[in-house]
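The block underneath contains the structure these notes are about, expressed in structure tokens.
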There are 2 protein chains.
Amino acid sequence: MKLSTLSRKQEIYKTAARLFKEKGYSAVTMRDLAAEMGIKAASLYNHISSKQQILSEIILDIATQFTSGIDAITGQETNTLAKLKAVIAQHITLTADNPYGMAALNNDWMHLEGKLDHYLDLRNRYEKKFRDIILEGKESGELKDVNTEILVYSILTTLRNLYLWIPKKGELKKDELIEGLSIILLQGVES
Amino acid sequence: MKLSTLSRKQEIYKTAARLFKEKGYSAVTMRDLAAEMGIKAASLYNHISSKQQILSEIILDIATQFTSGIDAITGQETNTLAKLKAVIAQHITLTADNPYGMAALNNDWMHLEGKLDHYLDLRNRYEKKFRDIILEGKESGELKDVNTEILVYSILTTLRNLYLWIPKKGELKKDELIEGLSIILLQGVES
DNA sequence: GTCTATATTAAGATAGAC
DNA sequence: GTCTATCTTAATATAGAC
């Protein structure tokens, strides 16, 4: 793919993700998507094979990036707080790169058909690795003895929904956001 | 309405909310809804006037409850931490009462047609009142000087998504959840 | 209160011309 | 790579019988 131009296929994915964020997968028609790109719906099928394939591509692309990311973090020889901060940084980076894709990941995964099981598998493994980081922190004494499930839920929910908020706050620099979120999410639970 | 039986209309709202949570408003058809209730789609129209009306009813009912609730909390003569804990308790209570409606509120509000402006108005007022509680706490010194916008986002996101989590965790008692969440959300920001 | 039958509109997708 | 034309299916909703 050329550097500063997206292939037509990539353009379709990008436009679709934006529309999916606004109205959800089911409410976006192939005619909506085509109109947004200035072509007719039938022309889309020269580049993609189905609406379903567009959704799969968008969601599994991001899910795979999160999976690789958490594997790298888990493999680090660092303490729990460094790992948690790396998880926060990864969410901010991937969300800033692709906020519309993150929205589809969060809200439209249940409309995956053939790839649903694969997606659920990736998500469950991600959650387990994240929970394990928390559990290690509690065992080592780095984290206070708060309720694990509530803490896992609270942090992951905040991170997963950053797409609702990041694009509007262009004035906040990425490093400041990583610092600010780390303080708010972690300061209360550090020993 | 009789005490232990829902009117047919209420039954429709309740069933619809559950289906909306699973697949989203747009992906649920009147035939799906009717089948779930053991009748034909046409029969639904003896009780309700449109699919759109079902969505309005579900969302605005909850949004109104949140609005009354925050008005009561804002009117209390208590300190900031007590007010924040009351907000947390309200979210937990309303979500536990109606997790499916909360899902529709969060995910399907953009499909409101005639009532969209009214909904957005209620939501904006709620957010403003919540932000004002945080700002008062910072002025009075009860809260640390953390980034206001990040804190507002983080707490509200966690509370708004409780529906994803509360129904699965029946073993957690409500009071424990209020305590646990208050610790995790607030302990890091108290002075 | 529910049914069958149906009107109307719009969806995803394909064929074949240019 | 895009178009027009079209197939097939399914959506919301109404009319009128029981």
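Numbers restart at 1 for each chain; the letters A, B, ... are given by sequence-line order, proteins then strands. The basis for the numbers below is simple: all heavy atoms, side chains too, and nothing from hydrogens, waters or symmetry mates.
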Atom CD of E11(A) and atom P of dG1(D): how far apart are they, to the nearest Å? 11 Å
Quick note, M30(B) side chain, CB onward, closest among dT14(C), dT4(C), dT12(D) is dT12(D)
Interatomic distance where CG belongs to L6(B) and P belongs to dG1(C) [whole Å]: 14 Å
Between CD1 of I48(B) and P of dT14(D) the distance, given in whole Å, is 9 Å
Rounded to whole angstrom units, what separation is found between the CG atom of N46(B) and the P atom of dA17(D)? 16 Å
Integer-rounded Å distance: dA11(D) P and L33(B) CG: 13 Å
Is the phosphate of dG1(D), meaning OP1 or OP2, less than 4.0 Å from a side-chain N or O of S43(A)? no
Rounded to the Å, how far apart are K23(B) NZ and dA10(D) P? 13 Å
Would you say Y45(A) reaches dT14(C)'s phosphate, i.e. side-chain N/O to OP1/OP2 under 4.0 Å? no
Looking only at heavy atoms, which two atoms of I184(B) and S154(A) are closest? And how far apart? CG2-OG, 3.9 Å
In whole angstroms, how far is the P atom of dA13(D) from the CD atom of Q53(B)? 10 Å
Considering only heavy side-chain atoms of A42(A), the closest of dA5(C), dA5(D), dT2(C) is dA5(D)
Cation-pi, F130(A) ring and K83(A) (6.0 angstrom, 45 degrees): no
Within the structure, does a side-chain N or O atom of K51(B) lie under 4.0 Å from either OP1 or OP2 of dT12(D)? yes
Atom NZ of K40(A) and atom P of dT4(D) are separated, to the nearest Å, by 5 Å
Relative to the ring of H91(B), is the ring of F66(B) parallel (under 30°), tilted (30 to 60°) or perpendicular (over 60°)? tilted
Basic-acidic side-chain contact under 4.0 Å: R160(A), E127(A): yes
Can you tell me if R31(A) touches the phosphate of dA13(C), counting only side-chain N or O atoms and a distance under 4.0 Å to OP1 or OP2? no
Taking all non-hydrogen atoms of both residues, which atom of Q90(A) and which atom of Q65(A) are closest, and how far apart? OE1-O, 4.1 Å
